[in-house]
Enquirer: 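Below is the structure I would like to discuss, written out as structure tokens.
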Amino acid sequence: MAVRLGDEAPNFTAETTEGTINFHEWLGGGWGILFSHPKDYTPVCTTELGTVAKITPEFKKRGVKVIAVSVDPLDSHKGWINDINETQQTTMNYPIIADPDKKVATLYDMIHPNAIDNMTVRSVFIVGPDKKVKLTLTYPASCGRNFDELLRVVDSLQLTSKFKVATPANWKDGEDCIITPAVNNDEAKTLFPKGVKIVKPYLRYTPQPNK
Ligand code: BEZ
């Protein structure tokens with residue numbers, strides 16, 4: 001069954017390149033990103049894994065742990081890491097789950113047989129400190145993901161979990177936010193002392209509250 005927003009992220013225990021992990025224990029009380037790859041030793045995946053290794057300081061800064069999964073076994077992952085490090089000029093610094101029996105892939109519905117038979121598509125799950133799924137995303141095998149976009153979504157999720165705001169199209173950290181409809185104008189003036197700009201009764205902006 002598909003994993004949907006608001007569902008508890010299914011738990012599992014699996015072998016990874018950094019030892020056996022229990023997913024929920026590994027997450028602890030923090031944020032996490034689980035992302036799947038079709039296959040080891042494939043070109044797009046190689047660039048994706050290297051890209052994430054390079055930007056792990058950005059994830060750490062936000063208290064987000066990252067973990068990858070593909071349906072190949074551990075030995076394959078370990079050999080492939082050498083290629084990732086060499087070709088992407090980086091050092092892998094987060095675990096890759098070995099999922100040869102497709103346990104995790106099945107649990108998270110990462111195999112889309114009408115797209116590619118027995119490999120995972122490019123799925124992403126952002127999980128909150130409450131272990132609930134906050135974002136799901138599915139890309140085809142042919143298109144490498146934009147990991148800056150994932151950082152942007154994390155910024156939005158973390159902000160909107162603390163303040164009664166939403167973030168507009170193409171929002172980036174530091175830009176004006178939208179006041180959620182549940183907040184009336186009087187409340188808005190108290191909650192957002194930096195200012196309330198009313199464009200339409202349903203479209204109201206405020207400077208980002210925590211900046
Ligand atoms: C890739 O990662 O390059 C890839 C994997 C499966 C199908 C197509 C491309």
Side-chain angles (χ1 to χ4, degrees), residues 1-5 7 9-10 12-21 23 26-27 31-60 62 64-127 133-155 157:
M1 212 174 67
V3 176
R4 293 186 171 171
L5 299 189
D7 290 352
F12 57 82
T13 297
E15 294 294 312
T16 83
T17 50
E18 298 186 1
T20 303
I21 67 146
F23 186 52
W26 176 83
L27 283 169
W31 292 77
I33 295 184
L34 169 67
F35 60 112
S36 64
H37 295 270
K39 199 161 176 52
D40 293 1
Y41 295 103
T42 48
V44 178
C45 296
T46 302
T47 63
E48 286 193 319
L49 285 172
T51 296
V52 173
K54 283 181 196 161
I55 61 169
T56 46
E58 289 300 321
F59 287 111
K60 280 210 180 95
R62 294 162 172 82
V64 182
K65 286 179 159 182
V66 290
I67 189 163
V69 57
S70 93
V71 295
D72 287 309
L74 205 53
D75 279 356
S76 166
H77 288 353
K78 286 184 174 165
W80 184 36
I81 281 175
N82 296 329
D83 283 9
I84 296 167
N85 290 344
E86 179 195 327
T87 63
Q88 307 305 304
Q89 291 91 42
T90 190
T91 303
M92 276 296 287
N93 48 16
Y94 58 93
I96 312 175
I97 298 165
D99 194 32
D101 56 5
K102 303 183 180 66
K103 187 173 75 181
V104 177
T106 306
L107 205 54
Y108 279 82
D109 196 30
M110 292 166 165
I111 293 178
H112 296 200
N114 293 332
I116 39 176
D117 280 15
N118 56 357
M119 303 176 207
T120 46
V121 288
R122 297 189 197 284
S123 301
V124 182
F125 298 87
I126 299 184
V127 182
V133 173
K134 307 296 182 188
L135 167 134
T136 68
L137 179 152
T138 305
Y139 272 36
S142 55
C143 182
R145 285 158 285 198
N146 182 332
F147 291 93
D148 291 337
E149 166 62 0
L150 293 185
L151 289 170
R152 191 189 77 88
V153 175
V154 166
D155 286 340
L157 285 168

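The structure presented is a predicted model; accordingly, all values stated were derived computationally and were not measured. All values below were derived from every heavy atom in this structure, side-chain atoms included, with hydrogens, water molecules and symmetry-related copies excluded. Order of appearance sets the numbers: ligands from 1, and atoms from 1 within every ligand.
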Enquirer: Which residue and non-hydrogen atom of the protein lie closest to atom 3 (O) of ligand 1, and at what distance in Å?
Expert: V44 N, 2.6 Å

Enquirer: When the ring planes of Y108 and F12 are compared, do they come out parallel, tilted or perpendicular, using 30° and 60° as the limits?
Expert: perpendicular

Enquirer: Strictly under 4.0 Å, does any heavy atom of P43 approach an atom of ligand 1?
Expert: yes

Enquirer: Check whether any side-chain heavy atom of T17 lies under 4.5 Å from a side-chain heavy atom of I81, and answer yes or no.
Expert: yes

Enquirer: Evaluate the side chain to side chain contact (heavy atoms under 4.5 Å, CB included) criterion for residues L151 and F59: first the C-alpha distance (whole Å), next the side-chain angles of each, then the deciding distance (0.1 Å), finally the verdict.
Expert: CA-CA 7 Å; L151 289 170; F59 287 111; 3.5 Å; yes

Enquirer: With only distance considered, is C45 within less than 3.5 Å of ligand 1 through an N or O on each side?
Expert: yes

Enquirer: Using a strict 4.0 Å cut-off to heavy atoms of T42, name the atoms of ligand 1 that fall inside it.
Expert: 1 (C), 2 (O), 3 (O), 4 (C), 5 (C)

Enquirer: Applying a heavy-atom cut-off of 4.0 Å, say which part of P38 lies close to ligand 1: side chain, backbone, both or neither.
Expert: side chain

Enquirer: Going by the side chain to side chain contact (heavy atoms under 4.5 Å, CB included) test, name the single residue among I67, L107, T13, T16 that passes it with F23.
Expert: I67

Enquirer: With a 4.5 Å limit on heavy-atom distance, are the side chains of P38 and R122 in contact?
Expert: yes

Enquirer: Does atom CG of N82 have more than 12 heavy-atom neighbours, drawn from other residues, nucleotides or ligands, at distances under 6.0 Å?
Expert: yes

Enquirer: Looking only at protein heavy atoms, which one is nearest to atom 8 (C) of ligand 1, and how far off is it?
Expert: A141 CB, 3.9 Å

Enquirer: Polar contacts were defined as any N/O atom of the residue lying under 3.5 Å from an N/O atom of the ligand; does this apply to R122 and ligand 1?
Expert: yes

